[in-house]
**Q** 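Take a look at this one; I'll ask things after.
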Amino acid sequence: MHDGVRLVDKKDQLIIDPIDGILPQPDPDEEVDTYDFGSRGFNYRTERLINRYREHPILGDLFSSKVFGDPSTPVFEAYPGDPITIRLTNPSERRRSHTFHLHGHKWKFDAKDIDSRVTSFVGHIIAGAAENLEIIGGAGGIFNFPGDYMYRSGNIRWDIEQGMWGIIRVHEELQKHLPTLKE
């Protein structure tokens, strides 16, 4: 995860966040925290929702790969049951904390503790944090369901809108570009 990356557009102009990326636009009397300027995303890739919304202003379709194609953020691919370990780091220059969520999948809160609770989010990611999330049951969760699963920051207004989300795609059928894992 990253936060605070200074981005410029194709004309080398600074991209000013957050006003330019909030859905819907904030009340003009609302005070904006300028500390939030800068891009957010995963693997230094971002998929800002405002760009999708301007192209197709239907909120229910914002995350649809069928409507927009895949996001610019990484699309991780696997087959049902493939072992997955997410190596989550936050090299951000912002002092704010983030959370990480992966829909449809779970891991132990503390992988070293056999009695640790099972969770689907990390709620304490600060600059410099590093976590290894060993997914229980592998790709597709404990029931190994194929499909697209969203990974994201937990903060919708300032993070997801600014690009902190992506997809883990669990394929039902063999793909030419994706070899199976050998046992």
Side-chain angles (χ1 to χ4, degrees), residues 1-3 5 7 21 23 39-92 98-112 114 116-125 129-156 159-183:
M1 301 178 83
H2 70 271
D3 181 0
V5 175
L7 294 179
L23 300 172
S39 173
R40 296 158 184 78
F42 287 92
N43 285 15
Y44 296 102
R45 305 285 306 192
T46 190
E47 183 67 33
R48 298 176 75 221
L49 293 185
I50 193 67
N51 297 332
R52 289 175 166 228
Y53 186 76
R54 287 178 180 145
E55 180 181 326
H56 180 80
I58 298 175
L59 291 175
D61 290 342
L62 285 179
F63 299 103
S64 174
S65 289
K66 289 179 183 174
V67 174
F68 296 100
D70 288 336
S72 295
T73 49
V75 175
F76 300 106
E77 298 179 88
Y79 294 110
D82 280 354
I84 295 177
T85 300
I86 295 174
R87 305 214 190 278
L88 183 64
T89 62
N90 186 24
S92 303
H98 293 284
T99 62
F100 173 81
H101 295 258
L102 172 57
H103 295 257
H105 294 79
K106 297 181 185 279
W107 53 86
K108 291 213 175 240
F109 180 77
D110 181 354
K112 297 175 188 167
I114 196 165
S116 178
R117 67 182 160 95
V118 173
T119 189
S120 64
F121 71 95
V122 177
H124 55 276
I125 303 169
E131 300 269 347
N132 288 323
L133 312 176
E134 297 174 17
I135 305 302
I136 297 170
I142 59 172
F143 297 111
N144 300 140
F145 289 130
D148 283 359
Y149 295 89
M150 177 187 261
Y151 63 87
R152 64 181 177 88
S153 167
N155 188 343
I156 293 171
D159 289 348
I160 294 175
E161 286 183 341
Q162 301 297 326
M164 282 183 112
W165 69 277
I167 296 171
I168 292 180
R169 179 163 292 143
V170 181
H171 295 284
E172 187 168 17
E173 298 175 1
L174 290 178
Q175 305 293 305
K176 289 181 182 179
H177 70 280
L178 186 64
T180 59
L181 297 175
K182 295 182 182 185
E183 295 184 21

**Q** Contact between Trp107 and Thr119 at the side-chain level, heavy atoms closer than 4.5 Å - yes or no?
**A** yes

**Q** List the steps and the verdict of side-chain contact (heavy atoms from CB on, under 4.5 Å) for Leu174 and Thr180.
**A** CA-CA 8 Å; Leu174 290 178; Thr180 59; 3.3 Å; yes

**Q** Looking at Arg169, His171, Gln175, which hits side chain to side chain donor-acceptor pair (under 3.5 Å) with Glu77?
**A** His171

**Q** Could you grab the distance from atom CD of Glu55 to atom CG of Asp61, nearest 0.5 Å is fine?
**A** 11.0 Å

**Q** Quick check: do Leu102 and Ile86 have side-chain heavy atoms less than 4.5 Å from each other?
**A** yes

**Q** Under 6.0 Å between ring centres, would you say that holds for Tyr151 and Trp165?
**A** no

**Q** Enter the distance from Ile114:CD1 to Lys108:NZ here, rounded to the nearest 0.5 Å.
**A** 6.5 Å

**Q** Does the side chain of Asp159 pick up a donor-acceptor pair with the side chain of Ser153 at under 3.5 Å?
**A** yes

**Q** Strictly distance-based, threshold 3.5 Å: is any side-chain N or O of His105 a donor or acceptor partner for the main-chain N or O of Gly140?
**A** yes

**Q** Does some side-chain heavy atom of His101 sit less than 4.5 Å from a side-chain heavy atom of Phe121?
**A** yes

**Q** Give a yes or no on whether the ring-centroid distance for His103 and Tyr149 is below 6.0 angstrom.
**A** no

**Q** Starting at CG of Leu49, measure out to CG of Asn51 and round the result to the nearest 0.5 Å.
**A** 9.0 Å

**Q** Verify, without hydrogens or angle tests, whether Asn144 (side chain) and Gly137 (backbone) share a donor-acceptor contact under 3.5 angstrom.
**A** yes

**Q** For residues Gly166 and Pro71, report the shortest heavy-atom separation together with the two atoms involved.
**A** CA-CG, 4.5 Å

**Q** Any chance you could measure Phe63, atom CZ, to Ile167, atom CD1, to the nearest 0.5 Å?
**A** 10.0 Å

**Q** Do we see a donor-acceptor contact under 3.5 Å between the side chains of Ser65 and Asp70?
**A** yes

**Q** Measure from the side-chain N and O atoms of Tyr79 to the backbone N and O of Leu181, and report whether any donor-acceptor pair falls under 3.5 Å.
**A** no

**Q** Roughly how far, to the nearest 0.5 Å, is CD of Glu134 from OG1 of Thr85?
**A** 5.0 Å

**Q** Locate the shortest heavy-atom distance separating Gly69 from Arg52; write the atom from each residue and the value.
**A** O-NH2, 3.3 Å

**Q** Any side-chain donor paired with an acceptor under 3.5 Å for Ser72 and Glu47?
**A** yes

**Q** Considering all heavy atoms of both residues, which atom of Met1 and which atom of Asn90 are nearest to each other, and what is their separation?
**A** O-OD1, 3.2 Å

**Q** Side chains of Thr73 and Asn43, heavy atoms from C-beta outward: is any pair under 4.5 Å?
**A** no

**Q** Using only atom types and a distance under 3.5 Å, with no angle test, would you say the side chain of Thr99 pairs donor to acceptor with the backbone of Gly123?
**A** no

**Q** Starting at CD of Glu131, measure out to CG of Asp110 and round the result to the nearest 0.5 Å.
**A** 9.0 Å

**Q** Carefully, step by step, assess Phe109 and Val118 under the rule side-chain contact (heavy atoms from CB on, under 4.5 Å).
**A** CA-CA 6 Å; Phe109 180 77; Val118 173; over 6 Å; no

**Q** For residues Phe100 and Phe42, determine if any side-chain heavy atom of one lies less than 4.5 Å from a side-chain heavy atom of the other.
**A** yes

**Q** Is there a side-chain contact between Met164 and His98 in this structure, where contact means two heavy atoms from C-beta onward sitting under 4.5 Å apart?
**A** yes

**Q** How about Ile142 and Ile136: do any of their side-chain heavy atoms sit closer than 4.5 Å?
**A** yes

**Q** Between Lys106 and Gly141 (side chain of the first, backbone of the second, donor and acceptor by atom type, cut-off under 3.5 Å), is there such a pair?
**A** no

